[in-house]
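Since the structure comes first, as C-alpha cells, the remarks are kept for the end.
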Amino acid sequence: EIADGTTLRLRDRYWRCMVLWECDGLTWRRGGGSSSRSGTAQNHSKTIRQIITIEPHGNYWLPALDRPLGLGKGAGSAQMGDDETVFSSEPVDGAKRFTVVSSTAPQRSNLSDSDRRAALRTPQNISGHVENLALSFRKSADVPDRDVVEAALDYLRTEGFKYTLEPGTYGGNALEDFLFNRRLGFCEHFSAAFATLMRLAGVPARVVVGYVGGEDTGRGYLRVRQCDAHAWTEVWLKETGWTRVDPTAELAPDRL
C-alpha cells in the first residue's frame, strides 16, 4: 500500500531487496552481510511511505521502494542496512507487514574508503579484450565518470545486444562471450556485465536485485509478483552519490 495517496510513476517503481558487491564477471554475490543502522526515518523531500505485506520466502531480505530512508513504528524484526536495504533479523517464514519510508531520488553521500575499494574490486581472470573495452569508455584521464557511464550504455545500444529470457547457457568465459559474441541475455546479464565494465573503467559500481513495476489494483495499493523480479546497476557519482543505471531499460523498455 502506498500511503498518503501518492501516485507512483512507473519509472519510480523499483523495489530494492539486496545489494551485490562481490564481482566475478557475469556472476555477482552479496559478499559480507548488511550491518544494521538506525531505523528511524529522517526528514527528506519527496518521501513516500509504504505499508508492505510480503508473503513468506524463507530468507532475510525485505523489499522497499528505492531508496529506503527509515522504518515506521511497529517494524518488529525489520532493520535498515548500510547499503540502503531492509532486512529481517529472522527468516521470513510467514506473512510479514511493515512500514518503510523511501525517497525516489538518489541520496548524496560520501563514499568511504572501504566501500570505494569494494566497489572497484575486479576479478583476476578478466581478459585483456574485456579490459580494453572498459578502458575505451574513458578517452582520457579527465573524462567525468558520468560520461564513462553514457559511453558504456551507447555500446550496449549500438552493438546488437538483445533482451531474451532464453539466452542459453554461458560457459567459463561468460563475460567475454556475452560482450563480444552472443550478446543475448536478460536483466541479470546486462546489470552484471555493465557493473563489471564500470569497475574496470574506474567507476565504483554494484548490482541491486529486487523487483520493478507492480500492478496498480486501483484500490490504493500495488501488487508485485515474482514475474516482476529485476536486477539493475548502481554507480557512484560525485554529483549524486549512488545512482541507478538500468541497462535493461535502455535495451528493452517494454520489459519495464
Side-chain angles (χ1 to χ4, degrees), residues 14 16 18-32 34 66-67 81-85 105-161 170 172-181 183 185 187-209 230-251:
Y14 279 78
R16 187 184 196 89
M18 290 187 293
V19 175
L20 311 181
W21 290 82
E22 190 175 306
C23 169
D24 188 17
L26 276 189
T27 302
W28 282 67
R29 301 177 181 84
R30 190 172 185 180
S34 297
D66 241 3
R67 298 175 175 260
D82 284 337
D83 51 8
E84 296 176 296
T85 55
Q107 305 300 298
R108 271 190 83 176
S109 60
N110 294 323
L111 188 64
S112 69
D113 290 341
S114 60
D115 279 354
R116 180 177 292 276
R117 287 192 297 270
L120 287 172
R121 192 171 296 125
T122 56
Q124 296 182 350
N125 60 346
I126 291 292
S127 72
H129 200 187
V130 172
E131 188 170 5
N132 288 337
L133 173 65
L135 294 176
S136 73
F137 301 140
R138 192 184 295 275
K139 304 298 183 183
S140 63
D142 59 350
V143 171
D145 285 353
R146 188 175 293 279
D147 290 351
V148 175
V149 171
E150 190 60 32
L153 287 174
D154 277 340
Y155 179 79
L156 295 181
R157 295 185 193 111
T158 60
E159 294 299 322
F161 287 87
Y170 283 96
N173 204 13
L175 182 59
E176 185 165 355
D177 192 17
F178 172 73
L179 289 173
F180 301 112
N181 300 319
R183 304 185 185 192
C187 57
E188 286 92 340
H189 295 91
F190 291 114
S191 59
F194 190 86
T196 301
L197 289 172
M198 288 296 94
R199 287 189 176 189
L200 290 167
V203 180
R206 60 192 187 185
V207 172
V208 183
V209 292
H230 193 54
W232 58 95
T233 303
E234 284 183 342
V235 297
W236 195 87
L237 302 174
K238 181 172 61 175
E239 304 84 0
T240 53
W242 284 112
T243 304
R244 182 197 309 137
V245 180
D246 189 350
T248 307
E250 300 289 334
L251 295 163

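The salt bridge (Lys or Arg N to Asp or Glu O under 4.0 Å) pairs that include a residue from residues 132-145 are Arg138-Asp145, where partners are two or more places apart or lie in different chains. Listed by first then second residue, pairs satisfying salt bridge (Lys or Arg N to Asp or Glu O under 4.0 Å) with a partner in residues 192-208 read Glu84-Arg206, Arg206-Glu234, not counting sequence neighbours. Within the structure, the salt bridge (Lys or Arg N to Asp or Glu O under 4.0 Å) test picks out no pair touching residues 118-127 (sequence neighbours left out).
The side-chain hydrogen bond (donor to acceptor under 3.5 Å, both in side chains) test applied to Trp236 returns no partner, not counting sequence neighbours. For the side-chain hydrogen bond (donor to acceptor under 3.5 Å, both in side chains) test, residues two or more places apart in sequence or in another chain that qualify with Asn173 are Glu176. Residues that satisfy the ring-ring contact (aromatic ring centres under 6.0 Å, His included) test with Phe194, not counting sequence neighbours, are absent from this structure. In this view, Asp154 and Arg157 satisfy the salt bridge (charged side-chain N to carboxylate O under 4.0 Å, His left out) rule, not counting sequence neighbours. Taking Asp24 as the reference, Thr27, Arg29, Pro123, Asn125 meet the side-chain contact (heavy atoms from CB on, under 4.5 Å) condition, with sequence neighbours excluded. Residues that satisfy the side-chain contact (heavy atoms from CB on, under 4.5 Å) test with Thr240, not counting sequence neighbours, are Pro106, Arg146, Leu237, Thr243. Not counting sequence neighbours, the partners of Tyr14 by the ring-ring contact (aromatic ring centres under 6.0 Å, His included) test are Trp232. Every side-chain contact (heavy atoms from CB on, under 4.5 Å) that Ser191 has, sequence neighbours left out, goes to Val207, Ala231, Thr233. With sequence neighbours left out, Glu159 forms a side-chain contact (heavy atoms from CB on, under 4.5 Å) with Tyr155, Phe161, Arg183.
Thr196 and Ile126 get closest at one heavy-atom pair: CG2-CD1, 4.3 Å. The two residues Leu153 and Pro247 make their nearest non-hydrogen contact at CD2-CA, 4.3 Å. The heavy-atom pair separating Leu175 from Gly25 by the smallest distance is CD2-CA, 3.9 Å. When every heavy atom of Ala119 is checked against every heavy atom of Trp242, the shortest pair comes out as CB-CH2, 3.8 Å.
Here the side chain of Asn132 pairs a donor or acceptor atom with the backbone of Gly128 at under 3.5 angstrom.
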